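Lettering of chains follows the sequences in order, A, B, ..., and the numbering in each one begins at 1. Quick caveat: nothing in here was measured; it's all calculated off a predicted structure.
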Amino acid sequence: MMNKTTKWILWSVLLVFLIIYPLVFGIYYTNVFVTFAIAALYAVAIQMLLGFTGFLSFGHAMYFGVGAYGTAIALVHIKGLPLIVSVLFGFASALLLALVMAPLVVRLSVTAFAMIHMAFGMLAYTLALKLRNITGGEDGIGAFPIPPLRIPGVFSIDMTDPTNFYYFAMVILGVSIWILWFVTKTPFGCLMVGIRDNANRIDYLGFKLPQTKAVLYLLVGGFAGIAGSIFALFQNLISAMELYIMHSFIQIMQIMVGGIGSFFGPILGAGVFAVLEELTSRYTQRVELVIGLILILVIMYFPTGLIGMYHHFKTRFFTRQAD
Amino acid sequence: MSILETKELSHDFKGLWALRNVGLQVKEGERHAIIGPNGAGKTTLFNVITGTYVPSKGNVFFKGNDVTKAKPNEMVRLGMGRSFQITSTFSRLTAFENIRMAVLSKRGIRFNLFKQVDKMNDVTEETDAILKRINLDGERDIPASALSYGKSRSLEISMALATDPDIVMLDEPTAGMSRDETHTAVELVRRLTEGKTTVIIEHDMDVVFSLADRITVLHHGEILAVGTPGEIEKNQEVKDAYLGEMEV
Amino acid sequence: MDATTAMYVAQGLHGLAYGMILFLVASGLTLIFGMMGILTLAHAAFFMLSAYFSYQVMQMTQNFWLALLIAPVVAGIVGVLCERFLIRRVHVMGHIGELILTVGISLVILDAVKAIWSTDSLYVDIPECLQGLVSIVGMEYPIYRLFIIGLALLVLIFMALILYKTRLGMIVRAAVSDADMVNALGINVPLVFMLVFGVGTWMAGVAGVAIAPILTVFPGLADQMGMDAYIIVVVGGFGSLSGAFLVSIIFGLLSSYGVQFVSQLAPILMFIFMAIVLVIKPVGIFGERE
Ligand SMILES: Nc1ncnc2c1ncn2[C@@H]1O[C@H](COP(=O)(O)OP(=O)(O)OP(=O)(O)O)[C@@H](O)[C@H]1O
Ligand SMILES: [Mg+2]
């Protein structure tokens, strides 16, 4: 167990690292880091569903996408929309979609849940392609105004500057991840793992399963939406491609690689993927092949992911010392 | 006064009538045992009462309310606890976390997303007290899946009781136990259900006769006899049912 | 018969043919799931793979019948290999493990296909004897659609006969309901399961060959068909053949009449249908409580 002081030191080091990162590594790697952080929030949100509660979804890209479209469309149509409100628009759109979907999906078995999400994910992709006048189809919505972060009369920070945006994104994404982490520590978090382990018993302890799942579902959808919203602001572009089914698979892979069931696993996984993407895109076009092979290898040989491996080696190391 | 009552309860599994016109009556404060040969329909009766299934026919009354269609969580909220014949705990959670889940439910903490559970001292204290009472304080932080069989059964039983129900339904608490383990488990059940309305399914006749105030005998989904242990012991039909089963 | 009725009947026939193809894919899927409890997302990839194999055989021999014979069998063999060396090993991890593994397999197959045959649409000709129209009671029908319906029926009747009328079928059904028991009788259950997986894949393969001349062969084939097949299995109820059949036909008809009346929105009809069914019955039309 870590004691309080080491914990504080670690957090401070992380904070300092995040603050000086853009100053040390320059614009290119700052942008790589933002991409990674967006993926991290997205993966952590999915982990709440998959690792903690045991529900696999092959369609959550629709929440990411709706969050992104929500923000982009709001910025296109509403003049002078404050930055934070545009993010809230993304959050609210994803939440709304989750609200509509929840009654449909909370009573499904794990398997049906996965399949249905794949189907709805495809539907969302098709709609994003077809409803051209709303979504811009394949070209998407781009070059919408990115408002500055400002409090009138106090300050106004230009968000088209990558370093400024980096800090903004870190705060939003960091706080979001912290909120999700906090939820796992609450009684509701206990319920989540309880559902994963034995949903029947949860029912027989007097908890309402569908309602509990619905609350979780809203939470996950909403935060995936925030990830999408930041993505739209970051890229200044959102197209139907982001809704493609591949973008639902990648998060699951990040979770598997990082460690299913652990909160920080997905962040680690997202980091590994960010590095892998940097490397593979330099050497090969065959991203699908690489991802497919990684999936097969991980599930066959390291089903508990990097975090699982770490624990495995740690126990082995300590037992050897004990001998 | 019957706290729990079923009227003409029948349940049909695709043509197999696992229950037929069962009229069970459980009085407030009694320990009521349900016995019967394998496949008699005991677990099915529990499932129908506790809300796993809606019965094909008949009604269930609990505290005077018609709860025939109530779901398991509704039954629990009305004050019913249940343990399972096949251990049904949270395998990856520790003994402490298992019990805590029940304590949370008992305290009505169901949708709290705003306070860390570790910081709810009263919950922790109550959970630890329960663990101590069932002699699991030594296994507090061991995952349920790593507990010995006897201990995991204790956990199973106390989960049913930790919500502090008005009636507790125990489905073969001693299932699969050795003689010694059975003895410990029976004492645990006796201690925990003192003064509480209890319905218990049990195979071991010694256990039944020592624990129960009244007994209902189920055979081929029908009630064969109801009575005190003394009456049931003398009942010829009951003997035949058990003997007949053995010959087969 | 007037033109409108003729149009309706023709559309119905198209829907029926598509529905039968869907059923070939979905029944293989539901066979694998219902019998072995394996949840595979690679099914559509094998379906697509078979379509590519048939294109290849056609390129080499110009013989459709040879393609119909060879391609599904090769696809089935690939499927069996995947089952033997990959899927079987993660079965203990439950459905999530299987789903993730089979997604991995699909991605590898998809990319391999793109690497070998490029991403273009490849054209497969309808064999000469199946081209054109045939008139029955004053109506003209495209022969190839009738052929597809007939082929699917043939495969299904063949399957039903094996399953319910032969000793092998008996063993398969027994192995499914009580694997340990059958194992104890000295029958190699893993082998039986491998066989079922192979046959399920083969059925998808037959569908792949049959559909190739109509839809052309392209990497998106798996997505398009696979999605429908998975929805069918979910909506019909996991493991239920009759459910899969009913929903396949409904989907086939929905898609052909849908294109007629609401064109753009045709794919959405299926989702609406799915949503309605699942709201009323989350386990699917003929599904049992899990
Ligand atoms: N879900 C089910 N589907 C079909 N049949 C069932 C189901 N559950 C139980 N049965 C059948 O109903 C009958 C009664 O079963 P039940 O489990 O209630 O017996 P029991 O008295 O609890 O037996 P045991 O002493 O073995 O626990 C049995 O014949 C059993 O096979
Ligand atoms: Mg029983």
* **Heavy-atom contact with chain A under 4.5 Å, split by part of C:L86** => both
* To do: Could you tell me whether A:Y310 atom OH has more than 12 heavy atoms of other residues or ligands within 6.0 Å of it?
  => no
* To do: Using non-hydrogen atoms and a 4.5 Å limit, figure out which bit of A:I252 sits close to chain C: side chain, backbone, both or neither.
  => side chain
* For the residue pair A:Y301 and C:R89, what are the closest heavy atoms and their distance? -> OH-NH1, 4.4 Å
* Considering only heavy atoms, which portion of C:I109 lies under 4.5 Å from any heavy atom of chain A: side chain, backbone, both, or neither? -> neither
* Less than 4.5 Å apart, any side-chain heavy atom of A:L295 and any of C:L101? -> no
* Side chain, backbone, both or neither of C:V108 within contact of chain A (heavy atoms, under 4.5 Å) -> both
* **Test item: C:L41 and A:M118 side chains (from C-beta on) under 4.5 Å apart, heavy atoms** => yes
* Partner chain A: residue of C:T102, C:V235, C:V234 with the largest heavy-atom pair count (under 4.5 Å) -> C:V234
* To do: Look at A:L50, A:I116, A:V290 and state which one has the largest set of heavy-atom pairs under 4.5 Å with chain C.
  => A:I116
* **Short side-chain donor-acceptor distance under 3.5 Å, C:D223 and A:Y244** => yes
* To do: Give, for atom SG of C:C82 and atom CD1 of A:I296, the distance between the pair rounded to the nearest 0.5 Å.
  => 7.5 Å
* To do: Count the heavy atoms belonging to other residues, nucleotides or ligands that lie under 6.0 Å from CD of A:E278, then report whether that count exceeds 12.
  => yes
* Between CE of C:M270 and CG of A:L123, what distance do you get to the nearest 0.5 Å? -> 11.0 Å
* To do: Quick one: pull up CE in C:M274 and CG in A:L104 and give me the separation to the nearest 0.5 Å.
  => 7.5 Å
* Let me know if A:A119 has heavy atoms under 4.5 Å from chain C in its side chain, its backbone, both or neither. => both
* Per the side chain to side chain contact (heavy atoms under 4.5 Å, CB included) rule, which among C:D111, C:L107, C:V103 passes with A:I291? -> C:L107
* Check whether A:F58 gets within reach of chain C through its side chain, its backbone, both or neither, counting any heavy atom under 4.5 Å. => side chain
* Asked: What's the spacing between A:M122 CE and C:Y230 OH if we round to 0.5 Å?
  -> 11.0 Å
